[in-house]
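Below is one structure, written out as structure tokens, with a few remarks after it.
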Amino acid sequence: MSEGKPIQCKAAVSYEAGKPLVVEEITVDAPKAHEVRIKIVNTAVCHTDAYTLSGVDPEGLFPCVLGHEGAGIVESVGEGVTNVKPGDHVIALYTAECKKCKFCLSGKTNLCGAVRATQGKGVMPDGTSRFHNKKGDTLYHFMGCSTFSEYTVVADVSVVAIDESAPLESVCLLGCGVTTGFGAATKTANVQEGDTVAVFGCGTVGLSVVQGAALRKASKIIAVDTNDQKKDYCFQFGATDFVNPKTDLKEGETIVSKLIDMTDGGLDHTFDCTGNTKVMRDALEACHKGWGQSIIIGVAAAGEEISTRPFQLVTGRVWKGSAFGGIKGRSEMGGLIEQYKRGDLKVDEFITHKREFDEINQAFDDLHKGECLRTVLNF
Ligand code: NAD
Ligand code: AHE
Ligand code: ZN
């Protein structure tokens with residue numbers, strides 16, 4: 001029995017920004033009160049892991065254990081944990097849900113205040129880490145999840161138990177990318193039948209916006225990506241049009257003018273899924289005067305700022321953001337799993353690559369290749 005004791009296991013440690021991860025044995029301490037130790041079975045690599053590893057995340061701390069798109073089985077729980085028990089199949093949640101704080105009780109947001117401050121400092125709510133390397137150095141946690149470790153410890157508010165019949169290899173993707181895009185379309189933007197939509201950046205997040213808009217029966221879903229290798233995926237997930245701004249614009253045309261021409265004055269909803277602040281501006285300015293709304297999902301580097309003429313907002317366009325698609329992880333994950341099981345939510349289709357955990361650095365390389373949506377790692 002490992003309960004109450006430290007566990008030695010394999011993890012991928014990020015020691016320095018811009019450097020490959022080091023796969024090595026680390027020690028994972030037992031969960032303290034209101035903490036849960038999870039045996040991670042599958043984890044995928046999201047663009048945000050690469051973003052933080054690159055060194056441009058203001059909250060990036062090293063050395064750390066990255067990873068936030070993971071699913072596994074509860075190994076043990078600390079005192080006072082009631083929402084999960086050993087043996088439960090679970091998904092780690094980087095957007096916690098305590099159901100008690102001002103945010104959770106507001107009914108206005110999925111953001112939760114319970115653990116976000118310590119999460120951003122790379123530690124558990126008591127201010128300490130559960131990870132150490134063989135030299136005894138402390139390793140920081142990441143986004144309250146740290147799924148790039150065979151065992152991880154998370155706060156009880158940062159984990160949700162799921163239907164055991166759902167394959168962990170697939171539903172790990174509900175820990176971030178798929179849920180984020182789908183929720184951004186169906187909750188944050190609340191796309192309605194007949195609406196027009198443009199999605200900038202068609203990786204897993206953008207394609208999941210596309211599938212959410214298609215489920216809502218949007219009349220036009222224009223996928224915009226600088227990489228033509230994304231084109232077939234876009235149609236597969238429900239896009240009606242594909243535009244590559246590098247190759248598909250006529251002389252004098254801009255991506256904004258083209259989209260406005262294609263939609264008789266602009267889109268009802270646009271989404272940035274690139275993290276590029278210039279694209280965010282284009283996405284806003286391609287919105288229809290009077291009501292069009294643009295949702296920022298992409299994560300921009302430290303120091304980056306968005307800009308537009310205030311007139312764009314004065315004349316009725318709305319700029320919004322979305323974290324984890326506006327989804328409350330503990331309350332709403334079960335519903336997403338049901339939608340997946342019914343075939344209404346595509347998840348398996350995002351798994352373009354599978355690798356053993358030891359190949360995690362190649363999984364980061366995969367992400368930069370056009371044909372890759374998600375690489376799922378298996379422990
Ligand atoms: P990804 O790298 O798989 O996909 C990004 C796509 O954008 C690629 O297809 C790329 O070709 C395209 N692209 C890049 N520059 C472009 C440009 N100038 N114009 C058009 N397309 C362009 O990434 P992902 O995992 O899908 O994540 C997308 C973004 O969302 C990242 O910034 C990520 O950090 C962020 N993210 C945010 C949340 C959230 O909750 N807000 C959650 C997950 C990911
Ligand atoms: N640490 C960055 C912010 C990163 C960020 O915006 N993260 C998204 C999730 S990305 C998942 O792939 C998010 O949900 N943000 C809300 C939150 O509370 O972190 C920075 O700029 O400091
Ligand atoms: Zn992510």
Side-chain angles (χ1 to χ4, degrees), residues 43-54 56-61 66-70 92-96 103 109-117 119-122 142-145 147 172-184 188 198-210 222-231 233-234 242-246 248 255 270-283 295-305 320-327 329 350 352 364 366-375:
T43 181
V45 181
C46 168
H47 187 109
T48 306
D49 297 304
Y51 154 88
T52 300
L53 181 63
S54 76
V56 298
D57 179 354
E59 291 186 311
L61 295 162
L66 294 170
H68 62 284
E69 211 172 66
L93 300 170
Y94 67 82
T95 302
F103 293 92
T109 178
N110 65 327
L111 300 177
C112 167
V115 298
R116 183 62 184 84
Q119 180 171 315
K121 294 189 170 78
F142 176 64
M143 287 177 74
C145 294
T147 57
C172 66
L173 301 187
L174 293 176
C176 185
V178 174
T179 303
T180 297
F182 188 73
T188 312
V199 182
F200 293 74
C202 300
T204 291
V205 173
L207 290 171
S208 221
V209 172
V210 169
I222 307 173
V224 180
D225 203 294
T226 45
N227 190 330
D228 277 334
Q229 285 176 291
K230 291 286 154 66
K231 190 172 183 169
Y233 291 130
C234 292
F242 179 87
V243 180
N244 181 335
K246 280 190 175 164
D248 296 345
I255 185 64
T270 67
F271 298 82
D272 167 71
C273 310
T274 70
N276 178 324
T277 53
K278 291 190 179 63
V279 173
M280 292 174 191
R281 179 178 190 151
D282 287 343
I295 316 296
I296 293 178
I297 307 175
V299 172
E304 293 281 342
E305 291 182 350
K320 279 190 186 180
S322 182
F324 199 40
I327 299 286
F350 290 94
T352 51
F364 274 79
D366 294 340
L367 194 62
H368 302 299
K369 291 184 193 139
E371 83 277 7
C372 175
L373 297 179
R374 280 294 190 261
T375 300

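Counting convention: from 1, in listed order, for ligands and their atoms alike. Values below: all heavy atoms of this structure, side chains included; hydrogens, waters and symmetry mates excluded.
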More than 12 heavy atoms from other groups under 6.0 Å of NZ on K121: no

Do the non-hydrogen side-chain atoms of S322 and T180 ever get within less than 4.5 Å of each other? no

Below 4.0 angstrom, N of the basic side chain to O of the carboxylate: do E371 and K230 qualify? no

Under a 4.5 Å cut-off applied to non-hydrogen side-chain atoms, are D225 and C234 in contact? no

Ligand-side contact atoms (ligand 1) for residue partner G298, heavy atom cut-off under 4.0 Å: 29 (C), 30 (O), 32 (O), 35 (C)

Is V299 close to ligand 1, meaning an N/O of one under 3.5 Å from an N/O of the other? yes

Does any N or O atom in G177 lie less than 3.5 angstrom from one in ligand 1, N or O only? no

Protein N, O or S atoms lying under 2.8 Å from the Zn ion (ligand 3), listed by chain and number: C46 SG, H68 NE2, C176 SG

Those residues that, when tested against K320, pass side-chain hydrogen bond (donor to acceptor under 3.5 Å, both in side chains) (two or more places apart): Q293

Around atom 7 (O) of ligand 1, find the nearest protein heavy atom and jot down its residue, atom name and distance. G201 CA, 3.3 Å

Is E69 reaching over with its side chain to a backbone N or O of L174, donor-acceptor style, under 3.5 angstrom? no

Close-contact set for ligand 1 against T180 heavy atoms, below 4.0 Å: 38 (C), 39 (C), 40 (O), 42 (C)

Minimal non-hydrogen separation, C202 against V199, with atom names: SG-O, 3.9 Å

Does Y94 come within less than 4.0 Å of ligand 1, judged by its heavy atoms? yes

Give a yes or no on whether the backbone of G275 and the side-chain of D272 come within a donor-acceptor separation of less than 3.5 Å. yes

Output yes when a side-chain donor or acceptor of T274 lies under 3.5 Å from a complementary backbone atom of G201, and no otherwise. no

Quick check on C176 - does any of its heavy atoms sit under 4.0 Å from an atom of ligand 1? yes

For atom 12 (C) of ligand 1, which candidate among I327, V224, D225, D272 provides the closest heavy atom? D225

Does R374 approach ligand 1 within less than 4.0 angstrom via side chain, backbone, both or neither, non-hydrogen atoms only? side chain

Counting from 1, what ligand 1 atoms have a heavy atom of N227 closer than 4.0 Å? 11 (O)

Surrounding CZ of F364 (heavy atoms of other residues, nucleotides or ligands, distance under 6.0 Å), is the total greater than 12? yes

Is V205 close to ligand 1, meaning an N/O of one under 3.5 Å from an N/O of the other? yes

Applying ring-ring contact (aromatic ring centres under 6.0 Å, His included) to Y94 and not counting sequence neighbours gives H68, F324

With heavy-atom distances below 4.0 Å as the criterion, list the atoms of ligand 1 near C273. 5 (C), 28 (C), 29 (C)

Donor + acceptor pair across side chains of N110, T95 (<3.5 Å): no

Kindly confirm or rule out an N or O of K230 lying under 3.5 angstrom from an N or O of ligand 1. yes

If you scan protein heavy atoms around atom 19 (N) of ligand 1, the nearest is T226 CG2, 3.6 Å

Taking the basic N atoms (NZ, or NE/NH1/NH2) and the acidic carboxylate oxygens, is any pair closer than 4.0 Å for R281 and E305? no

Within-cut-off N or O pair, F324 and ligand 1, under 3.5 Å: yes

Stepwise, does the side chain to side chain contact (heavy atoms under 4.5 Å, CB included) test hold for I295 with V209? CA-CA 11 Å; I295 316 296; V209 172; over 6 Å; no

State the atoms of ligand 1, each with its element, that fall below the 4.0 Å cut-off from a heavy-atom position in G203. 3 (O), 4 (O), 6 (C), 9 (O), 26 (O)

Has D248 got a side-chain atom pairing as donor or acceptor with N244's backbone, closer than 3.5 angstrom? yes

Does T179 use its side chain to pair, donor to acceptor, with the backbone of G175 at less than 3.5 Å? no

Within the 4.0 Å heavy-atom cut-off around ligand 2, the contacting residues, ordered by chain and number, are C46, T48, Y51, D57, P58, E59, H68, Y94, R116, M143, C176, V299, A323

Does a salt bridge link D228 with K231, judged by any charged N lying under 4.0 Å from a carboxylate O? no

